[in-house]
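A quick write-up on the structure given underneath.
Below, chain A is the first sequence line, B the second, and so on; all start at residue 1. Being a predicted model, the structure only gives us computed values, none of them experimental.
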Protein chains: 2
Amino acid sequence: MPSIPPAPRVQTDASAELRVIALQMFAEHGYTATSLQQIADAAGYSKSSVLYHFRSKEALLEEALAPAVQTLGAFLDSTVARASSDELRSAFVVEFVDLLLEHRLAAHIIINQGQTLSDIPMMDEARRYIDCIGESFMSELPTTKQRIRLGIALAGAAYVLVASRPSVADIESVDEVREALVDVVSELIAGLNR
Amino acid sequence: MPSIPPAPRVQTDASAELRVIALQMFAEHGYTATSLQQIADAAGYSKSSVLYHFRSKEALLEEALAPAVQTLGAFLDSTVARASSDELRSAFVVEFVDLLLEHRLAAHIIINQGQTLSDIPMMDEARRYIDCIGESFMSELPTTKQRIRLGIALAGAAYVLVASRPSVADIESVDEVREALVDVVSELIAGLNR
DNA sequence: CTCTAATCTGACCGATCGGTCAGCGACTGC
DNA sequence: GCAGTCGCTGACCGATCGGTCAGATTAGAG
């Protein structure tokens with residue numbers, strides 16, 4: 001047992017490094033359009049090394065998305081309870097927007113490529129979570145207009161972040177964007193009870 | 001010159017048939033994930049026949065998207081003029097929603113796969129049109145919240161239609177969906193002047 | 001009938017894909 | 001010193017991709 005138990009190897013963890021790079025490239029160019037060779041080149045490794053750390057290309061995608069999907073699952077549990085309570089919906093909106101902001105790249109992949117990659121288990125799991133969140137509202141929203149309103153609020157907020165080019169990072173104004181998203185989505189959600 | 005000049009060959013026009021099938025498969029499974037062989041099989045032709053009618057796979061995509069992009073371009077011309085006029089904005093919303101409904105598959109491809117396929121000229125053209133429509137509003141909407149509001153309205157409406165599974169065609173309730181979309185988007189657009 | 005053009009196809013091509021495998025050097029515990 | 005594990009790599013594999021090409025089939029014009 002050395003005196004430095006955990007060891008500061010975190011800095012150059014190849015697996016974590018590959019997950020980040022793969023997530024960026026999958027989001028920017030698409031999963032099928034991104035080859036393992038391109039990921040390896042971008043990371044400074046060989047293609048064989050990538051497949052040493054990850055069983056397959058699909059496994060690399062799943063591990064890269066895992067944190068976001070896990071957070072989404074936890075978010076789902078807290079959603080079902082608070083969907084019916086009006087005052088708790090504002091907290092729901094804040095959490096929803098923060099989730100999108102924190103896992104922006106993963107959200108990009110799930111939203112834009114989820115339908116195409118439906119044969120990948122984790123991708124389908126994430127989409128089921130999203131559907132479930134929607135349904136926890138929908139059960140109380142029988143009319144088409146109410147369902148469209150909720151759809152525009154959630155899908156619109158997600159897509160505003162997702163559609164923006166990577167160059168439009170606007171790191172400084174992220175708080176401003178967050179506040180605006182919360183305001184507009186809250187307004188749409190509030191308009192459901194009418 | 002026979003007495004029937006144009007000839008009723010429209011029914012079995014191979015090119016048009018291939019455009020329709022390719023558009024469906026590109027939208028459902030993605031452009032890169034759909035091979036020319038799969039398109040040929042679905043249409044009942046050989047892969048060589050597809051490449052006889054279309055110079056390349058990319059040309060097939062562009063010709064399949066052409067009608068939608070052309071309509072989008074015409075829509076852009078009428079948009080710039082009416083963006084500044086409040087009472088004309090309601091007409092803008094109706095046209096926007098109808099455009100999405102009419103070219104649902106093409107919109108699906110452009111929205112979800114446009115960033116990935118940015119090397120295809122027509123795809124970039126369509127995205128420039130969309131950006132231009134947004135900017136014709138944005139120039140008068142300096143605050144972040146106003147821009148987010150418009151983004152949620154347009155992107156949300158587009159994505160509500162695009163995200164729905166093909167099985168959720170709801171042919172009967174299309175008018176109901178159309179009306180709900182127009183209402184909610186109009187409400188968000190109207191809220192810009194505040 | 002013949003000639004020609006349009007339509008369609010199978011065989012084939014080079015490139016690239018995801019994935020396997022044997023082996024390389026470096027580090028570690030004994 | 002030595003055996004064994006770990007991280008990594010190049011060579012290689014079968015499959016599939018988009019695309020080319022020569023030729024078979026068909027139909028219409030003269």
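Looking at Glu28(B) and His108(B), their side chains never bring a donor and an acceptor atom within 3.5 Å of each other. Counted by atom type alone, His53(B) and Ser15(B) present one or more donor-acceptor pairs between their side chains at under 3.5 Å.
Minimum atom distance to the side chain of Ser49(B) is reached by dC8(C), of the listed dG18(C), dC8(C), dC21(D). With distances taken from any side-chain atom of Leu36(B) to the nucleotides dG18(D), dC21(D), dC21(C), the minimum falls on dG18(D).
Residues Phe92(B) and Phe75(B) place their aromatic rings such that the two centres sit under 6.0 Å apart.
Atom CD of Glu95(A) is surrounded by more than 12 heavy atoms from other residues, nucleotides or ligands within 6.0 Å. Other residues, nucleotides and ligands contribute over 12 non-hydrogen atoms within 6.0 Å of the CD atom of Gln37(B).
Contacts of Thr34(B) with the nucleic acid, taken as non-hydrogen atoms under 4.0 Å apart, involve only primed sugar atoms and P, OP1 or OP2.
One atom, CD1 of Ile39(A), and another, C1' of dG18(C), lie 11 Å apart when rounded to the nearest Å. Note: CD (Gln37(B)) to C1' (dG10(C)) measures 11 Å, nearest angstrom. Between the P atom of dC13(C) and the CG atom of Leu51(B) lies a distance of 18 Å, rounded to the nearest Å. Atom pair Tyr52(A):OH and dG7(D):C1' shows a separation of 5 Å (rounding to whole Å applied). In this entry the distance linking CG of Leu18(A) with C1' of dC8(D) reads 12 Å, nearest Å. The NZ-P distance, from Lys47(A) to dG19(C), rounds to 9 Å in whole Å. With rounding to whole Å, Tyr45(A) atom OH is found 17 Å from dC6(D) atom P.
A heavy-atom distance below 4.0 Å to DNA chain D is reached by these residues of residues 55-66 of chain B, ordered by number: Ser56(B), Lys57(B).
Residue His53(A) has no polar side-chain atom (N or O) positioned under 4.0 Å from OP1 or OP2 of dC6(D). For the OP1/OP2 pair of dT9(C) and a distance below 4.0 Å, the side-chain nitrogens and oxygens of Ser48(B) include no atom meeting the criterion. One finds a side-chain N or O of Ser35(B) lying less than 4.0 angstrom from the OP1 or OP2 phosphate oxygen of dC17(D).
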Step by step, would you call Glu187(B) with Arg149(A) a salt bridge (charged side-chain N to carboxylate O under 4.0 Å, His left out)? CA-CA 10 Å; Glu187(B) 176 186 327; Arg149(A) 173 181 281 264; 2.5 Å; yes
What do the steps show when you test Gln113(B) against Thr116(B) for side chain to side chain donor-acceptor pair (under 3.5 Å), and what is the final call? CA-CA 5 Å; Gln113(B) 308 176 47; Thr116(B) 292; over 6 Å; no
Could you go through nucleotides 22-27 of chain D and list every protein N or O atom that sits under 3.5 Å from one of its N or O atoms, giving the distance for each pair?
none

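Within the 4.5 Å cutoff, the side chain of Val69(A) has heavy atoms near those of the Ile110(A) side chain.
Here Leu181(A) contributes atom CG and Leu100(A) contributes atom CG; the two are 8.0 Å apart, rounded to the nearest 0.5 Å.
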